[in-house]
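Only one structure is covered here, and it is reproduced in the block below.
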Protein chains: 2
Amino acid sequence: MQKLFQYFRKFNPLSKEAENAIAEICSIVTIKRNKDLQPIGHTCKTIYFINKGVARIYYFKDGIDITESFSFENSIIARVESLFTGKPSRKAIQILEDAEVVAINANQLFKLYDTFPEIERLFRKIFEVAYVETVNRIEGMQFHSAEERYNALLNEAPNVLMRVPLKYVASYLGITQVSLSRIRAQH
Amino acid sequence: MQKLFQYFRKFNPLSKEAENAIAEICSIVTIKRNKDLQPIGHTCKTIYFINKGVARIYYFKDGIDITESFSFENSIIARVESLFTGKPSRKAIQILEDAEVVAINANQLFKLYDTFPEIERLFRKIFEVAYVETVNRIEGMQFHSAEERYNALLNEAPNVLMRVPLKYVASYLGITQVSLSRIRAQH
DNA sequence: CTATTCTTTTAACATAAGATAAAAAATCAG
DNA sequence: CTGATTTTTTATCTTATGTTAAAAGAATAG
């Protein structure tokens, strides 16, 4: 839990009471590689913080496995298109390296917003930053060749290429695995 | 201003005091077609609500004009990657049809968050929905051909194709204008 | 350690989309 | 209304990426 509160502090420092209230609605989950933390079709009611390990959000399009995003230690992961709409998600969260995560009960968290405006503010800021990252990612996808997107990933998030199977990276970049391999071959 | 408050009500109904406080920090701006509402390089300190007209966010990549998004009546437009980070934006907001917009002073708005948690909640919800739309757009770009993306736009937002020059639509879809024209030719 | 399975690379061919140029059509200013 | 400008389409050629298949390499379970 300490890592989580440190992470929170970067966005909006909380009072002890608020921290305790959050601690009440959290649980620690350990989960093995290749397991789904949340399955496809389930409505997202949990926000996760990764203490240790790697995870990805993925879905199937025409039977093909597509990675939407990766998450590493000290970051939040949630299927927001379900969390914020209350609808079931067509996406799943899968663990790529044995993980320990903090599971935050979202419904109880949203109730805390009423008593602790500072908690609402904290999560507002967390998701504002995530929103900005997503907007920037659209820019990266709009007019870059596959090779440029690969090089950008190599520069901005080399940990992805070091810790994640390339077959998952390919769909994340919006290309086939064969294309990715070809790009890597020509340095 | 009435349209704005109606729009707000869909997200989070406000008290009369909160509405009045927001009205205080708003101004009405009318602006002509082809004008920039906000130029490139300026830090975003205003959130706009469109009463009438059409606008787009655009930027230049390697000298080429690229449209990030379109906005129509009864919606919010802001360059969030600047608004939420305080950094200058490499993007501009351009008016595509003579417009009337409500300009909300963002710094004053953020101050209102301290006295009116209901206002903070309102904008939290507004941007959560915008965040979800952006996540869904990534999905649309990840593994669809140009033709599929065109057809999706035709179904989901035909007003874009009806009211916006095609040269702007092409870059929005992540393709060249020539490609877009070719796709349209084959029905 | 070995066999099996999973992952990555390589090869050959097909195709969608880019680049450039020019024609046609539409829009706009005077 | 007319000429000038902007936007859209069409044509030709090139190239990047997809598709399929198979080989090579790495990881894993027993």
From the set [options], return the single nucleotide nearest to any side-chain atom of [X].
X	options	value
V178(A)	dA21(D), dT12(D), dT8(D)	dA21(D)
Q177(A)	dG18(C), dT8(C), dT9(D)	dT8(C)
L166(B)	dG18(C), dT17(D), dT8(D)	dT8(D)
R184(A)	dA17(C), dT7(C), dT9(C)	dT9(C)
K167(B)	dT6(D), dG18(C), dA17(C)	dT6(D)
S179(A)	dT17(D), dT19(D), dT8(C)	dT17(D)
I175(B)	dC6(C), dG18(C), dT7(D)	dG18(C)

Whole Å only: how far is the [atom1] atom of [X] from the [atom2] atom of [N]?
X	N	atom1	atom2	value
L180(B)	dA17(C)	CG	P	11 Å
R33(B)	dT6(D)	CZ	C1'	10 Å
R149(B)	dA16(C)	CZ	C1'	11 Å
F143(B)	dT17(D)	CZ	P	12 Å
M141(B)	dA17(C)	CE	P	13 Å
R182(A)	dA14(C)	CZ	C1'	12 Å
I183(A)	dA11(C)	CD1	C1'	17 Å
L96(B)	dT7(D)	CG	P	11 Å

Worksheet item: For residues Y113(B) and R121(A), is any side-chain donor paired with an opposing acceptor at under 3.5 Å?
Response: no

Worksheet item: What is the minimum heavy-atom distance between A106(A) and T46(A), and which atoms define it?
Response: CB-N, 4.1 Å

Worksheet item: Within less than 4.0 Å of OP1 or OP2 of dA17(C), is there a side-chain N or O belonging to T176(B)?
Response: no

Discussion item. Under 4.0 Å, heavy atoms only, any strand: does S181(A) hit a base, just the sugar-phosphate, or nothing?
Written reply: base

Practice prompt. Determine the sole option in F116(A), F84(A), F8(A), F11(A) for which the ring-ring contact (aromatic ring centres under 6.0 Å, His included) test with F123(A) is passed.
Written response: F8(A)

Worksheet item: Does F49(A) have its ring centroid less than 6.0 Å away from the ring centroid of F5(A)?
Response: no

Worksheet item: Between E73(A) and K52(A), does at least one N-O distance fall below 4.0 Å, as a salt bridge requires?
Response: no

